[in-house]
There are 2 protein chains.
Amino acid sequence: MRVSTRFSDSIHILAFIEIYQEKKLSSELIANSIETSPVVVRRLMSTLRGAGLIATKKGTAEPKLAKESKQITLLDVYLAVEKDRQLFTLDTNTNPECIVGGNIQKVLGAYYEDAKMAALRKFNNVSLQDIIESILVEQKIKQAKE
Amino acid sequence: MRVSTRFSDSIHILAFIEIYQEKKLSSELIANSIETSPVVVRRLMSTLRGAGLIATKKGTAEPKLAKESKQITLLDVYLAVEKDRQLFTLDTNTNPECIVGGNIQKVLGAYYEDAKMAALRKFNNVSLQDIIESILVEQKIKQAKE
DNA sequence: TATTGTTGTTACTTAAAAAGTTACACGAAA
DNA sequence: TTTCGTGTAACTTTTTAAGTAACAACAATA
């Protein structure tokens with residue numbers, strides 16, 4: 001399948017909103033930074049709004065974060081747009097009559113959950129504020145090189 | 001896109017080979033346990049062979065593990081079939097002219113790597129032997145319930 | 001208040017990745 | 001020498017998400 005960039009693009013949107021909060025922020029302008037279409041941006045923003053991460057007004061190009069950037073973690077964003085889906089995919093169609101096929105899903109599922117939890121815990125320790133600060137630092141590094 | 005079950009299916013194949021090592025193990029028989037086609041099994045086995053995890057003989061249905069099951073970790077299997085690809089997907093097409101678009105890939109990439117590493121480290125601590133033992137225990141639990 | 005711009009949403013199309021399928025040359029073993 | 005199986009290539013189908021088009025509802029303002 002096509003690989004989902006929802007998580008990355010959502011963080012992009014949130015960082016963009018916060019960094020350019022004084023400006024008029026249409027979905028088209030944001031789409032320009034992500035290099036995608038305005039509808040894709042609005043679709044993601046709709047999800048982020050549903051998860052209580054941003055606040056928007058219909059007809060008005062003024063999206064705001066619904067919480068402080070320090071209070072939004074990468075995990076919040078991940079769960080908003082990817083839900084709690086499997087990170088490593090079990091084959092859920094194995095032969096239940098077979099010793100291996102009949103038990104591997106439960107066994108592997110437990111180890112997969114364990115690995116997923118380890119990854120998501122990392123995301124729970126990174127805030128949107130961290131991302132924004134890092135972006136601004138990288139930008140200064142770039143400029144210092146010129 | 002369709003979600004890859006290569007990792008799960010590969011572990012399935014390896015466990016199957018080890019558990020039924022005395023028997024004649026055609027790709028068709030293994031495919032029956034996974035509920036897939038023999039070609040899919042042979043394709044995966046070809047990759048596992050390339051990674052030095054199994055040994056096969058063309059024309060003969062006698063695949064063997066190339067190492068002891070204790071010496072094969074889930075990480076070995078993962079890297080064999082999924083390579084070292086991104087676990088969380090960066091959007092690699094962002095606007096370099098924009099402060100966010102121009103720096104977010106580097107910033108997010110680092111956090112993604114960190115989370116991925118946490119997950120893969122878990123897999124490095126689980127052996128095929130662990131999986132097989134767990135499968136056999138689950139099977140006994142099942143049978144005790146009957 | 002008519003116009004212009006924007007959001008929010010639906011429906012549809014396209015793209016990409018992996019599984020599934022077909023086919024077949026080649027090897028093994030009886 | 002026949003039968004079974006592997007290894008592999010080429011092609012088709014399935015799945016999922018991005019991209020696109022369209023439009024009603026809302027906001028601001030000329």
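Values reported hereafter were calculated over all heavy atoms of this structure, with side chains retained and with hydrogens, waters and symmetry mates removed.
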Specify the residue among Met45(B) and Glu35(A) whose closest nucleotide of DNA chain D lies further upstream toward the 5′ end. Met45(B)

Verify, without hydrogens or angle tests, whether Lys64(B) (side chain) and Gln21(B) (backbone) share a donor-acceptor contact under 3.5 angstrom. yes

Rounded distance (Å) that lies between atom P of dA17(C) and atom CZ of Phe7(B): 21 Å

Given dT22(C), dA10(D), dG8(C), identify the nucleotide with an atom nearest to the side chain of Thr56(A). dG8(C)

Give Leu25(A) one of three labels, base, sugar-phosphate or nothing, depending on what nucleic acid heavy atoms sit under 4.0 Å from its own. sugar-phosphate

Side chain of Ala61(B) only, please: which of dT21(C), dA18(C), dG5(D) is the nearest? dG5(D)

Validation row: Ile17(B), Leu65(B) side chains within 4.5 angstrom (heavy atoms): yes

Leu44(A) CG to dT7(C) C1': how many Å, rounded? 15 Å

Ile34(B) atom CD1 is separated from dG20(C) atom C1', nearest whole Å, by 14 Å

When rounded to the nearest 0.5 angstrom, what is the spacing between NZ in Lys142(A) and CD1 in Ile99(B)? 9.0 Å

Salt bridge (Lys or Arg N to Asp or Glu O under 4.0 Å) between Lys24(A) and Glu62(A), intermediate numbers included: CA-CA 6 Å; Lys24(A) 196 186 167 198; Glu62(A) 291 172 357; over 6 Å; no

First encountered from the 5' end of DNA chain D, between Asn93(B) and Glu28(B): Glu28(B)

Of Thr60(B) and Gly59(A), the one whose nearest nucleotide on DNA chain C sits closer to the 5' end is Gly59(A)

Let me know the distance between CD of Glu62(A) and P of dT7(C), rounded to the nearest Å. 10 Å

Taking any heavy-atom pair under 4.0 Å as a contact, classify Arg43(A): base, sugar-phosphate, or nothing. base

Which value, rounded to the nearest 0.5 Å, describes the distance between Thr89(A) atom OG1 and Asp9(B) atom CG? 10.5 Å

For Ser46(A), report the nucleic acid contact type (base, sugar-phosphate, nothing); a contact means any heavy atom under 4.0 Å. sugar-phosphate

Measure from the side chain of Lys58(A), starting at C-beta and using heavy atoms only, and say which of dA18(D), dA25(D), dT6(C) lies closest. dA25(D)

Candidates dG5(D), dA18(D), dC26(D) - which lies nearest the side chain of Ser26(B): dG5(D)

Where the side chain of Thr36(A) is defined as all heavy atoms beyond and including C-beta, which of dA22(D), dT6(D), dG19(D) is the nearest nucleotide? dG19(D)

Closest to the Arg49(A) side chain, choosing from dA17(D), dC4(D), dT9(C): dT9(C)

For Leu48(B) and dT8(D), what is the distance between atoms CG and P respectively, to the nearest whole Å? 13 Å

Mark yes or no for whether Thr73(B), through its side chain, and Asn124(B), through its backbone, hold a donor-acceptor pair below 3.5 Å. no

Please give, in whole Å, the distance from dA16(C) P to Arg6(A) CZ? 17 Å

Considering only dA18(D), dT9(C), dA19(C), which nucleotide approaches the side chain of Arg42(A) most closely? dT9(C)

Please give, in whole Å, the distance from dA17(C) C1' to Glu82(B) CD? 11 Å

Taking only the side-chain nitrogens and oxygens of Ser27(B), find out if one of them lies under 4.0 Å from OP1 or OP2 of dT6(D). yes

What is the distance, to the nearest angstrom, from the CD1 atom on Ile13(B) to the P atom on dG7(D)? 12 Å

By nearest atom, which of the nucleotides dA18(D), dT7(C), dT21(C) is closest to the Val39(B) side chain? dT21(C)

I want to verify a distance call: between dC26(C), dT16(D), dG8(C), whose nearest atom is closest to the Val3(B) side chain? dT16(D)

